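See below for the structure under consideration.
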Amino acid sequence: MGSSTAALGGGAPARLGLAPKNGVFGSNLKQCSGFMLKATTKVGSSSVRVRASVASSPQKQHSPHTLGVKSGEEVRIAVLGASGYTGAEIVRLLANHPQFSIKVMTADRKAGEQFGSVFPHLITQDLPNLVAVKDADFSNVDAVFCCLPHGTTQEIIKGLPQQLKIVDLSADFRLRDINEYAEWYGHSHRAPELQQEAVYGLTEVLRDEIRNARLVANPGCYPTSIQLPLVPLIKAKLIKVSNIIVDAKSGVSGAGRGAKEANLYTEIAEGIHAYGIKGHRHVPEIEQGLSDAAESKVTISFTPNLICMKRGMQSTMFVEMAPGVTANDLYQHLKSTYEGEEFVKLLNGSSVPHTRHVVGSNYCFMNVFEDRIPGRAIIISVIDNLVKGASGQAVQNLNLMMGLPENTGLQYQPLFP
């Protein structure tokens, strides 16, 4: 995944160069509430049918603080860090999006190359050549997907033109407490003023906040798979928060595209590998969301595991129910919570969620099972870590931010077998 950790140098206001001390480009650059949208002849209301998202009621599809993009208007997109897995997923998903059009793609180590030479499976797409992030021109861009590695994003986003809508797929803006960020990521936060502005992008939970945001911190994959089932149950006080245990498993793509000895086929094949046992970096993100739901501090036991598969994620949660609550009560509450949602599905009866049933899609499948230990229940949640756990949720969030139906461009069904 291309990245740039060097200081960014001065340039024209709409060009990413060296960020000034205050993080903006010139005294005449002001916060802009709208976008420069140009009409496109490629997409028109007569040729595109987008099914309205059932995730939000029609009354919630638009906000007075959000510019609603009209049918047929093009939203011009930049993808920063396009040579990584999440960048490639953004490109794949946007191939089916009627209004998002990619104009800028960055990848420092692949600068000058055609995207199809980096990802041959996407060679059919008409895309701009990759450029270094310092050379990216944002004068023809309305919104940005930032797919850069953790720790490299804060200063780059601080240097972007302020009228741009931004969805950041790194962990750099997920933790509200900058001291907690420094503790878990080993360096101080480099854009604390932006952290105050950033909205956490767990779509089904924070939809209204996301709709009105300029900068959205896209959730991590493990936190998405865990919070979607647990947040509603904690809010309803149906489970105790003192004894939550999570055993989670991820495909190897969750580790990124960079070459790592520990991720070689011969190192991971024919086995399962626990890692980050004492402190995975997603722990504070998960606990932040659960604590918000409980309105008190929540601490969990969490163990992630690497599985020898390309993509997919399963989180198995062991919870203690509140007095008098049954596993069926948990099921019924999740059913009512997500009954009208587009991408979160509670399975029927004793059906077990499997990662192979969500591959390539933006769906989260879940179910609740009674534990053999009285008073306890087991919840299983599965997602594709690269889609609902990353790029798909990012597209879902930008749809909201642009006033479009959430499911626009996300109608891909799971691949099976």
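Small disclaimer: the values here were computed from a predicted structure and weren't measured. One is the number of the first residue; the rest follow in order along the sequence.
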Worksheet, complete the sentence: Sequence neighbours excluded, the answer for ring pair (Phe, Tyr, Trp, His ring centres under 6.0 Å) partners of F115 is F119

Item to complete: List in chain and number order the residues that pass ring pair (Phe, Tyr, Trp, His ring centres under 6.0 Å) with F302, two or more places apart in sequence or in another chain; answer none if no residue qualifies.
Response: Y222, H280

Worksheet item: Is the shortest heavy-atom distance from the side chain of V144 to the side chain of V167 under 4.5 Å?
Response: no

Worksheet entry | Side chains of T337 and V344 in contact at under 4.5 Å (non-hydrogen atoms) | no

Discussion item. Any side-chain to backbone donor/acceptor pair from Q396 onto T203? Under 3.5 Å, distance only.
Written reply: no

Discussion item. How long is the straight-line distance from CD of E370 back to CG of L330, given to the nearest 0.5 Å?
Written reply: 10.0 Å

Discussion item. Under a 3.5 Å distance rule, please check whether D108 uses its side chain to pair with a backbone N or O of V133 as donor and acceptor.
Written reply: yes

Response to the item:
Closest non-hydrogen atoms of L194 and R214, given as atom of the first, atom of the second and distance, are CD2-NH2, 3.5 Å

Discussion item. I want to check something: taking the side chain as every heavy atom from C-beta on, are F369 and V352 in contact at a cut-off of under 4.5 Å?
Written reply: yes

Item to complete: For V252 and C308, work out which heavy atoms get closest and say how close.
Response: CG2-CA, 4.4 Å

Discussion item. Test of understanding: with ring pair (Phe, Tyr, Trp, His ring centres under 6.0 Å), list the residues that count as partners of H357, not counting sequence neighbours.
Written reply: H354, F416

Discussion item. Surrounding CD of Q114 (heavy atoms of other residues, nucleotides or ligands, distance under 6.0 Å), is the total greater than 12?
Written reply: no

Response to the item:
side chain to side chain donor-acceptor pair (under 3.5 Å) filter on N305, not counting sequence neighbours, yields D247

Discussion item. Salt bridge (charged side-chain N to carboxylate O under 4.0 Å, His left out) for E180 and R174? Distances and angles first, verdict last.
Written reply: CA-CA 11 Å; E180 190 171 38; R174 294 172 187 164; over 6 Å; no

Practice prompt. Would you sort out whether I383 and F365 count as a side-chain contact (heavy atoms from CB on, under 4.5 Å), showing the intermediate values?
Written response: CA-CA 7 Å; I383 61 173; F365 288 176; over 6 Å; no

Practice prompt. Please confirm whether the backbone N or O of L148 pairs with a side-chain atom of T152, one donor and one acceptor, at under 3.5 Å?
Written response: no

Worksheet item: Taking NZ, NE, NH1 and NH2 as the nitrogens, is one of them in K237 or E295 under 4.0 Å from a carboxylate oxygen of the other?
Response: no

Worksheet item: Of the options V358, N362, L410, which is the one that meets K388 in a side-chain contact (heavy atoms from CB on, under 4.5 Å)?
Response: N362

Fill in: Residues E406 and R207 bridged, charged N to O under 4.0 Å
yes

Worksheet item: Using a distance-only test with no angle check, is there a side-chain donor-acceptor pair under 3.5 angstrom linking Y200 and E209?
Response: no

Worksheet item: CG of N399 to CD of Q99: how many Å apart, nearest 0.5 Å?
Response: 9.0 Å

Response to the item:
Hits for salt bridge (Lys or Arg N to Asp or Glu O under 4.0 Å) against D371, two or more places apart or cross-chain, chain-then-number order -> none

Discussion item. Donor-acceptor check, side chain of K158 to backbone of R190, threshold 3.5 angstrom: yes or no?
Written reply: yes

Practice prompt. Not counting sequence neighbours, which residues clear side chain to side chain donor-acceptor pair (under 3.5 Å) with S170? List them please.
Written response: T153, D168

Worksheet entry | All salt bridge (Lys or Arg N to Asp or Glu O under 4.0 Å) counterparts of K297, not counting sequence neighbours | E287

Item to complete: State, with a plain yes or no, whether a side-chain heavy atom of L202 is found less than 4.5 Å away from one of L228.
Response: yes

Worksheet item: CG/N367 to CG/L334 distance, rounded to the nearest 0.5 angstrom?
Response: 9.0 Å

Fill in: OG1 on T86 to CG on N218, rounded to 0.5 Å
9.5 Å

Worksheet entry | Carboxylate-amine/guanidinium proximity below 4.0 Å for R281 and E183 | no

Worksheet item: Among all residues two or more places apart in sequence or in another chain, which pass the side chain to side chain donor-acceptor pair (under 3.5 Å) test with T355?
Response: none

Worksheet item: Hey, what do you get for OG (S101) to CD1 (I77), rounding to the nearest 0.5 Å?
Response: 8.0 Å

Worksheet item: So, do Y338 and M366 sit near enough that their side-chain heavy atoms are less than 4.5 Å apart?
Response: yes

Fill in: Whether N385 side chain and C221 backbone form a donor-acceptor pair below 3.5 Å
no

Item to complete: List the steps and the verdict of side-chain contact (heavy atoms from CB on, under 4.5 Å) for I166 and I157.
Response: CA-CA 8 Å; I166 301 165; I157 289 181; 3.8 Å; yes

Worksheet item: Taking the side chain from T224 and the backbone from G220, do they hold a donor-acceptor pair closer than 3.5 Å?
Response: yes

Worksheet item: What heavy-atom pair brings S83 and K110 nearest, and what distance separates the two atoms?
Response: CB-CG, 4.1 Å

Worksheet item: Any idea which heavy atoms bring A136 and V104 closest together, and the distance?
Response: CB-CG1, 4.0 Å

Practice prompt. Return each pair, listed once, that meets salt bridge (Lys or Arg N to Asp or Glu O under 4.0 Å) where at least one residue sits in residues 77-101; pairs must be two or more places apart or across chains.
Written response: E89-R92, E89-R311

Worksheet item: Does S361 reach the side chain of Y412, with side-chain heavy atoms less than 4.5 Å apart?
Response: no

Worksheet item: Any side-chain heavy atom of N397 within less than 4.5 Å of one from M402?
Response: no

Worksheet entry | Pairing residues for D292 by the side chain to side chain donor-acceptor pair (under 3.5 Å) criterion, not counting sequence neighbours | R176

Worksheet item: Yes or no on side-chain hydrogen bond (donor to acceptor under 3.5 Å, both in side chains) for Q411 and E342, after CA distance, side-chain angles and deciding distance?
Response: CA-CA 10 Å; Q411 295 290 283; E342 178 83 10; 3.1 Å; yes

Worksheet item: So, for T408 and L404, which heavy atoms are closest and what is the spacing to 0.1 Å?
Response: OG1-CB, 4.2 Å

Worksheet entry | Criterion side-chain contact (heavy atoms from CB on, under 4.5 Å) on N407 and F343, from CA distance to verdict | CA-CA 8 Å; N407 64 1; F343 296 116; 3.7 Å; yes

Worksheet item: Which value, rounded to the nearest 0.5 Å, describes the distance between R76 atom CZ and D142 atom CG?
Response: 4.0 Å

Worksheet item: Any side-chain donor-acceptor pair under 3.5 Å between Q154 and Y181?
Response: yes

Discussion item. Among residues at least two apart in sequence or on other chains, which ones pass side-chain contact (heavy atoms from CB on, under 4.5 Å) with I307?
Written reply: K249, I272, M309

Fill in: Close side-chain approach of T303 to V246, heavy-atom, < 4.5 Å
no

Fill in: Closest approach of G349 to Y331 (non-hydrogen atoms, all atoms of both residues)
N-OH, 4.1 Å

Please report, to 0.1 Å, the donor-acceptor pairs under 3.5 Å made by any side chain of residues 313-329, with sequence neighbours excluded.
unit_1 : atom_1 : unit_2 : atom_2 : d
Q314   : NE2    : T316   : OG1    : 3.2
S315   : OG     : S225   : OG     : 2.7
E320   : OE2    : K240   : NZ     : 3.2
T326   : OG1    : N328   : N      : 3.4
T326   : OG1    : D329   : N      : 3.1
T326   : OG1    : D329   : OD2    : 3.2
D329   : OD2    : T326   : N      : 2.9

Practice prompt. Apply side-chain contact (heavy atoms from CB on, under 4.5 Å) to the pair F145 and L80, showing each step before the final yes or no.
Written response: CA-CA 6 Å; F145 289 109; L80 308 187; over 6 Å; no

